[in-house]
Amino acid sequence: MKRIVILISGRGSNMQAILEAAKAEQWPVTMAAVISNRPSAGGLSTAGESGIATAVVDHQQYADRAAFDTELMRVIDSYRPDLVVLAGFMRILTEEFVLHYQGRLLNIHPSLLPAFPGLATHKRALEVGVKTHGATVHFVTPDLDHGPIIEQASVPVLSDDTEDTLAARVLQQEHVIYPRAVKDFIEGRVRFVNGQVVRDGV
Ligand code: GAR
């Protein structure tokens, strides 16, 4: 059984999509823990209701990023994960953290990377007028939002879109591609080799 730890900061809808897919498709995994940097994250209660261990490492309680990441690593490692899934985890991670988990650390980002790394992706997509937007699942590397890409899904940008309508359309696709990418990793079809994604059979 592979052990998964999921990190969230908020409502946790991607986390929920992964939990539901794992259950429905009977993945050979143990959901070891859901950890949030925000005590108020809605996803913590969703995880708790599913019987999954939860923990909070509140970044506001730490003097700096390095101290927070060190404690976060300690808590994550106490659950002995084979995979760490960032699901709306809104923290910039130190290089030390990223290198510690490299090759078993996934993120979902709400844009078609390498377009729009960082925050406010939907707002920026509308401002610049792209006709296609989307979401990306990638391995995390020290270069923020630039790790090698496992999955992408695109959606059209409609002329009457607002940030909210566009975000909702993208989120629907996130809930499709993230569980699929996690399953591919868990079942060994997707690996991180020399900074690139290697996919079996491709
Ligand atoms: C998702 O749209 C995810 O792509 C984004 O935060 C949202 C979390 O929603 N992540 C980032 O922006 C990471 N930089 P959720 O809590 O409902 O899964």
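Whatever order the structure lists them in is the order used to number ligands and atoms, beginning at 1. For reference, positions follow the sequence shown, starting with 1. Just so it is clear, the structure is predicted and the values come from calculations on it, not from any experiment.
At the top of the distance list for atom 14 (N) of ligand 1, counting protein heavy atoms only, stands H109 ND1, 3.7 Å. When hydrogens are left out, the protein atom nearest atom 9 (O) of ligand 1 is R11 NH2, 3.2 Å; that is the closest non-hydrogen contact. In terms of protein heavy-atom proximity, atom 4 (O) of ligand 1 is nearest to E174 OE1, 2.7 Å. Atom 12 (O) of ligand 1 has its closest protein heavy atom at P110 CD, 3.4 Å. Among protein heavy atoms, atom 6 (O) of ligand 1 sits closest to G88 CA, 3.8 Å. In terms of protein heavy-atom proximity, atom 15 (P) of ligand 1 is closest to S13 N, 3.4 Å. The nearest heavy-atom contact from the protein to atom 16 (O) of ligand 1 is G12 N, 2.8 Å.
Not a single heavy atom of Q16 sits less than 4.0 Å from an atom of ligand 1.
Residue N14 has at least one nitrogen or oxygen atom sitting less than 3.5 Å from a nitrogen or oxygen atom of ligand 1, judged on distance alone.
Annotation: the span from L166 atom CG to L126 atom CG amounts to 5.0 Å, rounded to 0.5 Å.
Using modelled atom types, one finds no donor on one side chain facing an acceptor on the other under 3.5 Å when comparing D164 with H122. No side-chain N or O of Y178 forms a donor-acceptor pair with one of N107 less than 3.5 Å apart.
Using a cut-off of 4.0 Å between Lys/Arg side-chain N and Asp/Glu carboxylate O, K23 and E20 are scored as not salt-bridged. Remark: D69 does not engage R91 in a salt bridge, criterion side-chain N to carboxylate O under 4.0 Å. D82 and K2 are not joined by a salt bridge, as no carboxylate oxygen comes within less than 4.0 angstrom of a charged side-chain nitrogen.
Within ligand 1, counting atoms from 1 as listed, the ones closer than 4.0 Å to a heavy atom of I108 are 4 (O), 10 (N), 13 (C).
Between P110 and T121 the shortest heavy-atom distance is O-OG1, 2.8 Å.
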